[in-house]
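Remember, it's a predicted structure, so these values are computed and weren't measured experimentally. Below, chains carry the letters A, B, ... as their sequence lines are ordered, and counting in each starts from 1.
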Number of protein chains: 2
Amino acid sequence: MGHVASPVTMRTLADRLGVSVTTVSNAYSKPDRLSPDLRDQILATAKELGYCGPSAAGRALRSGKTDVCGFLFGGELAEAFADPYTVAFLAGLSETAEKFGASILLLRSPGDGDDAESQLLQRAAIDAIVTCSATSEHPATELLTQRGVRVVGAQRAEVGDWVAVNDVKAGRLIGKHLAKLGHRQIVVVVTGETPDAEAHEITPKELSSVAGRFAAERFQGLAEKLPEATFRIVCGGCKPKQAGRLAAAQALDVQDRPTAIIAMSDALALGVWDAVRERGLTPGRDISITGFDDIQDAAFVGLTTVRQPIADKGRFAGRLAMDPDYPQRQITLPVELVVRSSTGPAPRI
Amino acid sequence: MGHVASPVTMRTLADRLGVSVTTVSNAYSKPDRLSPDLRDQILATAKELGYCGPSAAGRALRSGKTDVCGFLFGGELAEAFADPYTVAFLAGLSETAEKFGASILLLRSPGDGDDAESQLLQRAAIDAIVTCSATSEHPATELLTQRGVRVVGAQRAEVGDWVAVNDVKAGRLIGKHLAKLGHRQIVVVVTGETPDAEAHEITPKELSSVAGRFAAERFQGLAEKLPEATFRIVCGGCKPKQAGRLAAAQALDVQDRPTAIIAMSDALALGVWDAVRERGLTPGRDISITGFDDIQDAAFVGLTTVRQPIADKGRFAGRLAMDPDYPQRQITLPVELVVRSSTGPAPRI
DNA sequence: ACGATACACTTTATCGATAAACAAGGCAAG
DNA sequence: CTTGCCTTGTTTATCGATAAAGTGTATCGT
């Protein structure tokens, strides 16, 4: 039952066969450094004694290699699983990880209290780490790099490894589409910290710090293609669906309703969608809604959005994380406008 | 840039302050074994020198504790993320893990080749492991237990820790519901290995080995409440949605169409749903469809199903995994029939 | 016949931390 | 004044494995 196991180590094998521990080690990690015969013998004995290969802890300590890839999420992990974008990213990442014989360790990025969480991240036994949610990259990242952990980001930057899309371009695609449809009065909905669990309006300058750099870039693209439009930017909180609903509520319950709501993610857009329907409005006719990402449900409800290859992002991120020799260290993936029924001509006011 | 880090260890701190390494260690893991003053001093120096707490590798090696909880999935991890059930389970699990200050390591259960994958699992540095998908429990599990890793299962059993639902009862709920509606000709759809990527029929006796024990138990409940019905059981493969579609295709394209299709999961049922609609049939009128789990999309399309508290399963599993002193080691969670529009009276033939 | 290489292992020295046992001073009880 | 326990540390001995350097024998070219 609760027996504490026979601690079969390399020593056990070595003694049994009369060879040195190093030789046993080599049998596993450097097969060309011993004769095939001996190697076979060692592996056979291992099987016989129930030895399952070098212990992760010992190996990690001595060699520094762990065959583990961290996944860093900027919030509670439970939220990560509630977000289709993140889940799709993880699917791609895990695919690559499996190819490299690595496992994935789920970690959350520490809040502001440096303490417990920060340390959990800092001292985690990992070879590399991939960040997914774009927000809150820097705080922890630097120390990790210093420690020798490869860090793969999810945003374009001058230095370091990353996999991302051109967010300015993504913004332009939406902007151009809405411009053509005649929209001039627009509300942009973003996720981010809210002080009082209440939606609040922010300025374009605050965008980067509240919602992340990617949001600011998309907005730049939007504004570029919608020079005559007036924008309001509303932040509804961190949990996408709820945030979308909250923000949309604030945007809609005013005299001068916008003709289009641009959500910074599909998950957010689905929240907006609910708020819109609750008010008896029909998306695409009474008001246009757009998202970003093209998650599965977007096709389901008919949301106009910008598709980005999420799973591929995960796959490439894994590649950069696990293969230090992969030549291209900064990868930009394509985006594509997907027009569905949630957008239509701006209604005359 | 790529500097290999200043290896700040406990030694560094100890030397700096003129205390022993053990004392530094105690500052972190046994605060009551040194004076508060000294402890504060040590932590302050740690911050100053950029020391982030005991390295995971060293600690794991010496003490055996890792603060990592494994998550074992019985297939490619990418599939895990495609399955809403698994994702919901992970959300619950990660919630508990966070509470305990632990991280989650994603692992896949080895196939039949004992080699690489099996070892990845066996030597993983984890304190405990939680299995989610019910299939393929035993092969690896035993060795882990022997190694001192707590194993938390997802199926009822005589021994060991688990969190599960009463699957016989779940089966009865569906059986009773369909019996009342007059269904007598029924196809049961399950996931499992298929030799030729083609749907194939299996017998009730094969159920347990092909689809897992839980499937067999549910079937037992079904049969009990539908004594006059004739059953065919079809397995369509491992990927739920596709499997459902494939299996349903085989079930539908025959002379004598069933009046109800019972899928062993909602994900599977959604595949069945597609196949049904593709043939111009309306679920709930021309043919009844049921699932198990009550994932989000089930409510969306109107699928009759048996709800099980998936996230709670994850939460409790985490609790058992991370708290060896939690008194109740075998937990059964409730199930509940949820009737929606996908079931209706059996059409007269 | 000689040094130079290769090969197939072994020795030695850690990797960073913690468990277990031990030591010195203080303080209370007898 | 002594005994004995508590507090606050220190010493010593590993945890399991790998890097780096060393040893002894065969092989080879010249």
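What separates CG of A/Leu38 from C1' of C/dC7 is a distance of 13 Å, to the nearest Å. Between the P atom of D/dA17 and the CG atom of A/Leu13 lies a distance of 9 Å, rounded to the nearest Å. Protein atom CG of A/Asp37 is 16 Å distant from nucleotide atom P of C/dC7, rounded to whole Å. Atom CG of B/Leu49 and atom C1' of C/dG16 are 16 Å apart (whole Å). One atom, CZ of B/Arg123, and another, P of D/dA17, lie 10 Å apart when rounded to the nearest Å. Atom CD1 in B/Ile42 sits about 13 Å away from atom C1' in D/dT10, given to the nearest Å. Summarising the geometry, the separation between CG on A/Asp32 and P on C/dC7 is reported as 10 Å, rounded to the nearest angstrom. Across the protein-nucleic acid pair, B/Lys65 atom NZ and D/dG16 atom P stand 16 Å apart, rounded to whole Å.
OP1 or OP2 of C/dT10 has at least one side-chain nitrogen or oxygen of A/Ser20 nearer than 4.0 Å. Contact annotation: B/Lys30 does not reach the phosphate of D/dT8 (side-chain N/O to OP1 or OP2, under 4.0 Å).
Within 6.0 Å of atom CZ in B/Arg11, 12 or fewer heavy atoms from other residues, nucleotides or ligands are found, so the atom counts as exposed in its surroundings.
For A/Arg62, counting side-chain heavy atoms from C-beta on, the closest listed nucleotide (C/dA19, C/dG16, D/dT18) is D/dT18. Side-chain proximity of B/Ser55 to D/dT18, C/dT18, C/dG16: nearest is C/dG16. Comparing D/dT18, C/dG16, C/dT18 by their closest approach to the side chain of B/Thr9 singles out C/dG16.
Of the residues A/Leu320, A/Val130, A/Ile331, A/Val151, the one that meets the side-chain contact (heavy atoms from CB on, under 4.5 Å) test with A/Asp161 is A/Leu320.
You'll find a donor-acceptor pair under 3.5 Å spanning the side chain of B/Thr22 and the base of D/dT11, going by distance alone. For B/Ser35 and D/dT7, a side-chain-to-base donor-acceptor distance below 3.5 Å is absent, hydrogens and geometry of angles not being considered. Side-chain to base pairing of B/Arg33 with D/dT7: no donor and acceptor N or O lie closer than 3.5 Å to each other.
Taking the six-membered ring where the residue is Trp, A/Phe81 and B/Phe81 present parallel rings, their angle staying beneath 30° rather than reaching 60°. Ring pair A/Tyr51/A/Tyr28 is perpendicular by interplanar angle, where above 60° counts as perpendicular and below 30° as parallel.
The backbone N or O of A/Gly160 lies less than 3.5 Å from a partner atom in the side chain of A/Gln330, making a donor-acceptor pair. Looking only at distances, a side-chain donor or acceptor of B/Asp127 sits under 3.5 Å from a matching main-chain atom of B/Asp67.
When heavy atoms are screened at a 4.0 angstrom cut-off, B/Tyr51 is found touching the sugar-phosphate backbone but no base atom. As judged by a 4.0 angstrom heavy-atom cut-off over every strand, A/Thr23 is placed among the base-contacting residues. B/Val24 comes within contact range of no nucleotide atom at all, as no heavy-atom separation falls under 4.0 Å.
Taking the nucleotide of DNA chain C with the nearest heavy atom to each of B/Leu61 and A/Gly18, the more 5' of the two is matched to A/Gly18. With DNA chain D read from its 5' end, the first of the two nearest nucleotides for B/Leu34 and B/Gly58 is the one closest to B/Leu34.
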